[in-house]
Amino acid sequence: MPKLNSIVIELLQLLKKNYLLSVSLGILFLFSIIVLFATEASYDAIESASIWVRNYFGYFYLYLGLGCVLLLLTVAISPLGRIRLGKKNQKPEHSLWAWTAMLYSAGMGAGILLRAVQEPVFMFQNPPYPSELKPEILALEFTFYQWGFTAWAFYGLFAMVVGYALFVRKKRVLVSSAIEDTIPNTVARKGIDVMTILTTVFGLIAAIGLGTAQINGGLNHLFPSSFGLGTTLLLAVLISTIAFYSAWQGVDRGIKVISKFNIVITLLLLFFVFISSDLGAILSSLGSATLQYILDFIPMSLAWGKFDPGIAFLTDWTFYYWAFWLAWAPFTGIFIARISKGRTLRQLLLGVLIIPSLGTFFWFSVFGTSAFQVIESWGTYANEFGNVFSSIFVFFENYPMAGLLNLTTVLLLISFLVTSVDSAVFVLSMFTDRGKRTPRKSHRLLWSICILLATLALILLGNAKPEIDVLVAVQKLLIITSLPFALFMVVMTGIFLKEVWKG
C-alpha cells in the first residue's frame, strides 16, 4: 500500500504541474460527467453535430484517405524511402514477426472479429452500387476497401511523421514535436497535443464500447442467461484492468507478449475455418476480389460515377470507417513509430500498407466466402448474420466444436481489446510525460482510470434510447471528433514534406 500511496501523491502533483495532462483530463472528465447525467440530451446534440459534419465534410474524408495512400506509396518508392529511423546501419529493434503482431493487434484487433461475417454478408445482400461483378466478389471488394490500404495509410502517415521526428531529428514523442520548428507558438502546439489526446481517447473508447457489446452478444448466444447493460459495464472494467496491468509491465513484458498470443490464436481460428470450408472457392474469391479492389481503388476512393453508393450508404459505412481509422491514427501511428526503430521509411510504409492489408483480405475471404456458402446451404436467409454483435457466433454454429470456437472468440475479443487499450495507455502516457519513450507508471495508471470512465459514459450513451445501440452512438461521435484531427493531418503532412525535402 505505501507504494500505491506514493503513486497517488505523485498523480496529484502531476495534475498541478502538467498543463497538457490536466487540461486533457479535465475535458474528458467534463464530457463523461455530462454524458452520465444528461445521456439523452448528449445523444441528441451529438446526432445534430454529426449530420452537419457529414453534410459539409463527408467527402473530405474520402479525398484525404486517397491522398494518404498515394503519398505513402510515393515516399516509399522515392529516394526518401531510404531514410532510416535511427542510426545509419542500425538493425530493426523488433523482428518482423513481433513487429507485425504488435502493429496488427494495436491497429485492427477486435474489429476483424466484429465484422468477419456480418459485413461481407451485408454487402452481399445489399450491394453498395450496381455492378457486373458477381455479388460475392463485389461484397468482398467493398469490404477490402473499407479495411485495406486506406485504413493503414492513416496509421502509416502518422508513423512516418512521428518516427522521423523521434528517431532522425531526436524529438520527443509528441505530435507537436513534428511541427514545432514551423509552428513555434507554445499555446498552438499544446492545443495540437490536447486535440490529439482527445481524438485518441474517443477512438479508443469507441472500440472498447463495440468490443464489449460483441462479447456480451457472444455470452448471450452461449448461455441461456440474459446478459445486459450491467454485464457490458463489468466487461469494460475487466478489460481496462487487464490492459492497465499490461501497460504497467511495458512494451516487452506486457504488450508484445499479449500481441503475439492474439496473432497465434487468430491464425489458428482462421486456419480451422479455412480447412473446414471450400478452399478452392475461398482462394478464387480472394484473388478475384483483391485484383478488382486494386483496379477500382481510385474511383471507389472518390465515390466517382458508378462507384458512388450514395450519401446514406457512405454515412453509415465509409465515412464512419474513415473517421474510425482517423481517430485511431494518433495512438496507433505513434505506437507503430515507437516499435519501428531501425527500419527505413520504405520498410515501414510498405510493411504497414501491404502486410496487414493482405492478411485482412484473406481473413474476410475465408469468413465471407464460407458465410455465403452457409447461406446457400440453408436455402433461405432470414438475416441470421444481421446482428453485428452475434453474427460470428451464429456462424460458428455451422462448424464442428462450435462451443469451443465461440468460447475462444470471446477470449480473443477480450485479449484484442486489452492490446488496443494497453497500447493506447502507453502512448497517451508518453504524450503527457513530456514525450518520454518509457513513461512513468503514474501516468499509465491515470490514463487507465480515465479511459475506463469515458468508456462507461459511452456505453451508457449507446443505451440512451431504445432505438439506438453502441454502434450508432460510436458512428455519430467519431465523425465529429475526427474532423479537427483530419484537418490538422493536412497541415502536418505539408510541414513534414517541407522539412524532409530540405534534408
Side-chain angles (χ1 to χ4, degrees), residues 47 50-51 53-55 57-66 68-69 108 110-131 133 135-154 203 206-207 209-210 213-214 289 292-293 296-329 357 360-361 363-364 367-368 371 383 385-389 391-392 462 468-483 486:
E47 184 174 35
S50 68
I51 292 172
V53 172
R54 180 200 70 187
N55 291 340
F57 292 95
Y59 284 93
F60 168 70
Y61 283 114
L62 294 185
Y63 306 148
L64 180 64
L66 176 60
C68 284
V69 174
M108 289 295 169
I112 61 170
L113 292 166
L114 186 76
R115 297 288 195 178
V117 174
Q118 184 266 342
E119 184 165 337
V121 171
F122 180 89
M123 298 301 168
F124 179 74
Q125 297 289 328
N126 306 275
Y129 41 72
S131 174
L133 296 174
E136 59 267 31
I137 300 301
L138 176 61
L140 290 175
E141 179 193 14
F142 207 83
T143 302
F144 292 0
Y145 166 59
Q146 296 185 140
W147 287 82
F149 300 150
T150 309
W152 289 98
F154 287 139
L210 291 174
Q214 187 183 18
Q292 204 63 46
Y293 167 68
D296 296 340
F297 179 73
I298 291 180
M300 287 175 71
S301 298
L302 296 172
W304 180 30
K306 69 175 185 178
F307 295 93
D308 183 2
I311 188 67
F313 194 98
L314 288 170
T315 299
D316 289 342
W317 290 94
T318 310
F319 293 169
Y320 159 65
Y321 268 126
W322 272 215
F324 204 111
W325 306 139
L326 279 166
W328 271 41
S357 292
T360 302
F361 297 168
W363 173 271
F364 280 111
F367 281 89
N383 203 33
F385 298 140
N387 188 322
V388 68
F389 300 122
S391 57
I392 194 169
I468 67 170
D469 58 26
V470 176
L471 180 59
V472 175
V474 163
Q475 286 176 319
K476 297 181 185 301
L477 182 63
L478 285 184
I479 286 177
I480 302 166
T481 58
S482 297
L483 178 61

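Sequence positions, counted from 1, serve as the residue numbers for this chain.
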| task | Could you grab the distance from atom CG of D316 to atom CG of N126, nearest 0.5 Å is fine? | result | 11.0 Å
| query | Within a strict 4.5 Å, meaning less than it, do heavy atoms of the F385 and I392 side chains meet? | reply | no
| field | Aromatic plane relationship, F57 with F60 - under 30° parallel, 30 to 60° tilted, over 60° perpendicular | value | perpendicular
| Any chance the rings of W317 and F142 have centres within less than 6.0 Å? | no
| Between P299 and F307, what is the shortest heavy-atom contact and its length? | CB-CD1, 3.5 Å
| note | Value for CG (N55) from CD1 (I51), rounded to nearest 0.5 Å, stands at 7.5 Å
| query | What is the minimum heavy-atom distance between E141 and A289, and which atoms define it? | reply | N-CB, 4.1 Å
| query | Are side-chain heavy atoms of M300 and Y129 found at a separation under 4.5 Å? | reply | yes
| said: Give me the atom names and distance for the closest heavy-atom approach of S357 to G148. | reply: OG-C, 3.5 Å
| said: Just verifying a value: how many Å separate L113 CG and Q118 CD, rounded to the nearest 0.5 Å? | reply: 13.5 Å
| task | Identify the two heavy atoms, one from F319 and one from R54, that lie closest to each other, and give their separation to 0.1 Å. | result | CD1-CG, 3.9 Å
| query | Rounded to the nearest 0.5 Å, what separation is found between the CG atom of L66 and the OG atom of S301? | reply | 5.0 Å
| In Å and rounded to the nearest 0.5 Å, what is the CG to CG distance from D308 to L314? | 6.0 Å
| said: T143 vs F122, test: side chain to side chain contact (heavy atoms under 4.5 Å, CB included). Steps then yes/no. | reply: CA-CA 10 Å; T143 302; F122 180 89; over 6 Å; no
| query | So do the side chains of Y59 and L302 get within less than 4.5 Å of each other, counting heavy atoms only? | reply | no
| Atom pair CZ (F367) and OG (S391), whose distance is rounded to the nearest 0.5 Å | 10.5 Å
| query | T150 and V69: which non-hydrogen atoms are nearest, and at how many Å? | reply | CA-CG2, 3.7 Å
| Nearest heavy-atom neighbours spanning A139 and P120 | CB-O, 3.5 Å
| Do side-chain atoms of Y61 reach the backbone of I479 as a donor and acceptor pair under 3.5 angstrom? | yes
| Candidates Y145, W147, Y293 - the one meeting ring-ring contact (aromatic ring centres under 6.0 Å, His included) with F364 | W147
